[in-house]
Number of protein chains: 2
Amino acid sequence: MQEMDAENISPAELRELIRAGKWQEPTSGACAGYVQANLVILPQEYAFHFLLFCVRNPKPCPILDVLEPGETSPRIAPGADLRTDLPRYRLYEKGEMKKEVSDISEFFDESMVSFLLGCSFSFERALMNAGVPVRNVEEGKNVSMYVTNIKCASSGPFASPLVVTMRPMTPGQAIRATQITTRFHLTHGAPVHIGDPEAIGIKDLDHPQFGDPVFIREDEIPVFWACGVTSILAVTSEKIPFVITHSPGHMFVSDLRDEDLTIL
Amino acid sequence: MQEMDAENISPAELRELIRAGKWQEPTSGACAGYVQANLVILPQEYAFHFLLFCVRNPKPCPILDVLEPGETSPRIAPGADLRTDLPRYRLYEKGEMKKEVSDISEFFDESMVSFLLGCSFSFERALMNAGVPVRNVEEGKNVSMYVTNIKCASSGPFASPLVVTMRPMTPGQAIRATQITTRFHLTHGAPVHIGDPEAIGIKDLDHPQFGDPVFIREDEIPVFWACGVTSILAVTSEKIPFVITHSPGHMFVSDLRDEDLTIL
């Protein structure tokens, strides 16, 4: 599959390729303009408290869709099947990763509830369209992610520190980026912090906990956004007997367009 | 209690008066600048699906706070007690109103989950501050409410048509009102419809299903916002064995300021 094709195929076509085993790579850059989502699947008895965790922490965990117990076809992509239409899944037991698979049909049953949460791909495209640089894209790297000392509001067994992504920008670009991402409240919205990393408990920008470090120029400041990995930390704890998530970068591609998610 | 006092006392003071039985009136106009909320209390087994109903219908049912099962003190008003701090409650069984009381302590137990949902008082004040008239306030009436032919997204046993409030304005004021209320996405946000009532299934503006009719001038058009009464219709069905709500107009007054709810 050539990159040019990947960018221009429809979400339904991409999901068809994935289901047929013909696409196993990350989904970054595929189906330009369409919303991609984090996936979390939990047993029904944990659904209320995880939904409440997301409601209480809308910046890291913006809810795009939640399915009824046992349902597999989301409202944001009619006809899709969450058991087969992501390139790669992770299965955890009591917080420990047990398996990575490309089809979860044999692990999914009538008691499971699926959550689709927003990811930052949508606003990165909006930033670039507005001429604001996105360093990780420029450098062809995964975005830098850090665990902060900010505690999310917990809910039942779900608790996590806030995880953030960081993109370096000039102060002027940071202001413009704040305006642009404010519109995208369902894909993390406005930044949570600008400037001094230590103020939110980040010791060393060169050593992110997830993803890759990027170059920061003399005239730039770090700009931090809430990150969907927060939800993964919340569900992969020893308190949760079983959970399925997407594998990092291997997202669900929905039929929603980026612009469908804007508040104004 | 004089009106002037009511407008200027703090939410904690008002809740204290209510708890002591010294305030039994509606809360409209009290504690100017503070967010008031609709209350719904359900047995725990219905909590996931009602929370999901609200998530799926954020315009009529914007979530301000959801408490853990058995909890009575909301995060948006520490120290308050939802069992005693509203002037009047309604108890329903299978959709039928059984009682109206001023204290629900004897009906509340460890299995109950409380939901606080945004109401339109916040944005009405913002409209008036911006010089946009709010006819129902001018006429000292309850806002006009109508059941539309728009179906909310259902969730488990919860289903309802969308209920809307209507305020007449000139087209120019309607545009300004759209800008202003867009900021208040947690108190119903931007209008859902402007103009022709029949387009959303409203036959006669002079006969609202709830509240009072108001005068519409020659140069004005009706402007419709999603209404919190939608959530009351969704919970008062024969499918739901027991639910407690606030009594219309007798809201919970939180410690949040109107401006805390704005998106930008």
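All values below come from the heavy atoms of this structure, side chains included, with hydrogens, waters and symmetry mates left out. Note on naming: letters A, B, ... go to the chains in the order of the sequence lines (proteins, then strands), and numbering restarts at 1 for each one.
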Is [X] close to chain B through its backbone or its side chain, or both, or neither, when contacts mean heavy atoms under 4.5 Å?
X      : result
A:V66  : both
A:L67  : backbone
A:I63  : side chain
A:R183 : neither

For the student: nearest non-hydrogen atoms of B:V55 and A:V55, plus distance | CG2-CG2, 3.9 Å

Where do B:F48 and A:F115 come nearest, in terms of heavy atoms and distance?
-> CE1-CZ, 4.5 Å

Should A:P69 and B:H49 count as side-chain neighbours, where that means a heavy-atom distance under 4.5 Å?
-> yes

Given the options B:H185, B:R75, B:Q44, which has more heavy-atom pairs under 4.5 Å with chain A than any of the others?
-> B:R75

